[in-house]
K.L.:
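I have a structure I would like to understand better, so I am pasting it below and will then ask my questions one at a time.
Proteins get letters first, then strands, A, B, ... in listed order; numbering begins at 1 in each.
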Amino acid sequence: MLPPVISARLHGEPIASLPQDLYIPPEALEVYLDAFEGPLDLLLYLIRKHNLDILDIRMADLTQQYMSYVDKMHAAKLELAADYLLMSAMLIEIKSRMLLPRPVELEQEDDPRAELVRRLLEYEAIKLVAQKIDALPQVGRELLVAQACFEHVAKVQLPTVEMEDLLVAWRSVLERAKHYTHHHISREELSVREHMSLILRRLQQDGMLEFTQIFVVSEGVQKMVTYFLALLELAREGLVKMTQQAAYSPIYVQASEHMA
Amino acid sequence: MMQETQSIQKLKNVLEAALLTSSQPLALEEMLRLFEGKMERATLRMLLDELKSDWNERTLELVQIASGWRFQARLEYAKVLGRLSPEKPAKYSRAVLETLAIIAYKQPVTRGDIEEIRGVAVNQAVLRTLIERGWIDVIGHRDVPGRPSLFATTKNFLDDLNLRSLQELPAIDNLPQQEMEI
Amino acid sequence: MMQETQSIQKLKNVLEAALLTSSQPLALEEMLRLFEGKMERATLRMLLDELKSDWNERTLELVQIASGWRFQARLEYAKVLGRLSPEKPAKYSRAVLETLAIIAYKQPVTRGDIEEIRGVAVNQAVLRTLIERGWIDVIGHRDVPGRPSLFATTKNFLDDLNLRSLQELPAIDNLPQQEMEI
């Protein structure tokens with residue numbers, strides 16, 4: 001097996017080799033990156049893995065290890081979350097501040113690492129306790145709740161839904177689905193979608209319909225136009241197929257699923 | 001002999017725990033799964049009969065219905081237990097309402113479409129709730145791998161919401177624009 | 001005396017039937033409704049304690065959790081009963097679990113607070129997963145620009161984890177706190 005080509009740079013110098021335990025086969029890098037929940041998680045891993053003292057971090061070492069990771073991610077052309085880059089900047093800033101001479105009397109609380117250490121410890125505590133919570137017995141997993149049945153004397157009342165409820169639900173869906181926000185549903189469109197369902201229902205029953213059978217002339221022009229638009233939309237979404245043997249011969253409409 | 005009685009009690013305990021915690025009646029096949037194929041149907045039937053008579057003088061009774069076996073409160077408790085559920089109409093969860101809204105406005109849609117729009121997985125129970133209510137049904141399948149079901153709203157849905165057609169559903173663009181931008 | 005014992009048994013039977021057939025935990029107030037106001041809270045508590053010990057050696061146990069009392073299968077049956085439902089229960093991702101832990105221990109928190117602690121952006125789907133499970137909800141808004149939602153855990157979360165209060169959550173490792181003053 002050929003040694004991996006390393007294109008990472010540290011302080012502008014190419015690194016000849018990465019620390020052994022940092023080496024991750026390129027094809028596994030993505031999986032590995034997924035394994036970390038973000039820069040804090042990665043830093044904690046590096047600190048714990050190298051047995052560094054979290055309360056007296058050697059910033060130079062940590063920054064170097066972190067950067068070589070980030071560089072590797074770059075080299076593998078993985079899309080790097082901004083959070084990782086932000087952390088690089090923060091580490092470099094802390095490292096450089098530690099190189100500055102500090103007034104003696106401020107030394108204690110002015111340790112540039114203090115905030116980073118606080119965050120690392122807080123995150124680690126959460127990470128550990130999250131595992132503990134997951135280990136608790138849970139209803140639906142280890143806990144099964146008694147639910148024998150009884151004859152309800154009073155009839156169960158089914159929930160009622162008002163138009164208002166539906167509108168509220170639909171609006172909250174739209175607010176979330178950003179790509180739909182510019183796509184407001186109009187009455188005409190609703191009518192088309194309703195007729196799409198009507199046509200599919202009929203095709204489900206009859207299997208195949210002749211094009212003209214779709215339309216009921218007595219229902220008026222407006223209705224026919226709606227049916228026509230619904231048919232076009234169904235075809236566009238690949239839900240129906242229209243076939244014609246020869247010019248001027250009848251056109252048949254069929255649900256796509258029945259074609260197979 | 002003593003030992004055998006003990007192990008029979010253990011088997012009955014497993015059945016009791018399963019039947020008391022199951023929301024659905026359990027069929028014989030399902031109960032056999034509890035013992036990983038190490039039990040004869042005849043033995044299972046015998047155990048169920050024993051369990052049934054163990055509960056003879058108690059609050060629940062073990063009954064056999066079309067789809068299997070279940071524990072239910074004896075009829076004499078029905079009236080008292082009814083006091084627990086006053087006629088407060090239940091409410092559908094947000095997941096149910098949003099799923100219904102998506103089907104109403106974007107029909108016909110597959111479960112995948114709904115998940116894409118909502119951004120979360122759609123629990124099968126949500127769709128089942130709506131199907132059992134008679135508000136949605138499957139009107140076909142999309143012709144793609146897996147052939148997912150296409151859902152649409154029913155006439156029943158329109159009736160229950162007092163609508164003559166989907167067109168009478170509120171159109172979102174009829175809302176005052178300012179209100180939307182909150 | 002004999003008569004009194006009999007009537008106590010009857011009261012316990014009503015409670016047992018109610019608790020075994022309710023899929024939701026029953027609060028004391030609800031159980032009092034069973035007796036139409038003809039029972040003292042203290043008596044009810046005593047009856048529940050007796051009922052609990054009546055079931056001591058049995059397949060289910062009567063437990064008290066955040067929103068009330070319920071019967072549940074003893075943990076030793078979990079594995080066997082799991083054979084009934086072939087589909088594995090959903091396993092939550094680390095992102096979901098860590099977000100839940102932050103909300104549980106630091107509540108009420110905003111999405112920004114969660115991001116600050118985790119050091120990464122919180123996907124909306126993570127919060128929605130927890131809301132749909134009924135484990136967290138929005139209890140208000142922080143009075144800062146943007147009025148971000150404040151999240152907290154629900155009673156349902158405690159119920160599902162078999163806890164009576166947040167205090168029963170596993171202790172968070174606070175040891176570094178003192179040492180931290182570098």
K.L.:
Donor-acceptor pair, K127(A) side chain versus R118(C) backbone, under 3.5 Å?
P.N.:
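Not confirmed, K127(A) side chain does not pair with R118(C) backbone.
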K.L.:
I need the contact set between residues 53-64 of chain C and chain A: heavy-atom distance under 4.5 Å, sorted by residue number.
P.N.:
L60(C)
K.L.:
Does atom CD of Q167(C) have more than 12 heavy-atom neighbours, drawn from other residues, nucleotides or ligands, at distances under 6.0 Å?
P.N.:
no
K.L.:
What I'd like to find out is whether the side chain of L143(A) reaches to under 4.5 Å of the side chain of Q72(C), using heavy atoms alone.
P.N.:
yes
K.L.:
Using heavy-atom distances under 4.5 Å, tell me whether Q24(C) contacts chain A through its side chain, its backbone, both, or neither.
P.N.:
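Contact with chain A is absent: no heavy atom of Q24(C) under 4.5 Å.
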K.L.:
Let's go through R119(A) and E116(C) carefully: what are the C-alpha distance in whole Å and the side-chain angles of both, what is the deciding distance for side chain to side chain contact (heavy atoms under 4.5 Å, CB included) to 0.1 Å, and is it a yes or a no?
P.N.:
CA-CA 9 Å; R119(A) 289 187 61 187; E116(C) 171 74 21; 4.1 Å; yes
K.L.:
Checking R141(A) side chain against K91(C) main chain: does a donor-acceptor pair fall under 3.5 Å?
P.N.:
no
K.L.:
Take a 6.0 Å sphere around NZ of K155(C) and say whether it holds more than 12 heavy atoms from other residues, nucleotides or ligands.
P.N.:
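At most 12 heavy atoms, drawn from other residues, nucleotides or ligands, come within 6.0 Å of this atom.
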K.L.:
Check this for me: E76(C), atom CD, are more than 12 non-hydrogen atoms of other residues, nucleotides or ligands nearer than 6.0 Å?
P.N.:
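Yes, enclosed.
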K.L.:
As an exercise, state the distance from CG of L20(C) to CD of Q147(A), rounded to the nearest 0.5 Å.
P.N.:
11.5 Å
K.L.:
Does any backbone or side-chain atom of I133(A) lie under 4.5 Å from a heavy atom of chain C? Answer side chain, backbone, both or neither.
P.N.:
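I133(A) touches chain C through backbone and side-chain heavy atoms alike.
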K.L.:
Please classify the contact of D56(A) with chain C as side chain, backbone, both or neither, using a heavy-atom distance under 4.5 Å.
P.N.:
neither
K.L.:
Which bit of R74(C) comes within less than 4.5 Å of chain A, counting heavy atoms only: side chain, backbone, both or neither?
P.N.:
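Answer is neither: R74(C) stays 4.5 Å or more from chain A.
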K.L.:
Which atom names give the shortest non-hydrogen contact between P170(C) and V129(A), and what distance separates them?
P.N.:
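Between these two residues, the closest heavy atoms are O-CG2, 3.9 Å.
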K.L.:
Counting C-beta onward and ignoring hydrogens, is there a side-chain heavy-atom pair between L40(A) and I117(C) closer than 4.5 Å?
P.N.:
no
K.L.:
Are any of the side-chain heavy atoms of Q138(A) and L161(C) separated by less than 4.5 Å?
P.N.:
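Touching, per the 4.5 Å side-chain cut-off.
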K.L.:
So if I take each residue of residues 92-113 of chain C and look for any heavy atom under 4.5 Å from a heavy atom in chain A, which residues do I end up with?
P.N.:
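Near chain A, by residue number: R94(C), A95(C), L97(C), E98(C), L100(C), A101(C), I102(C), Y105(C), K106(C).
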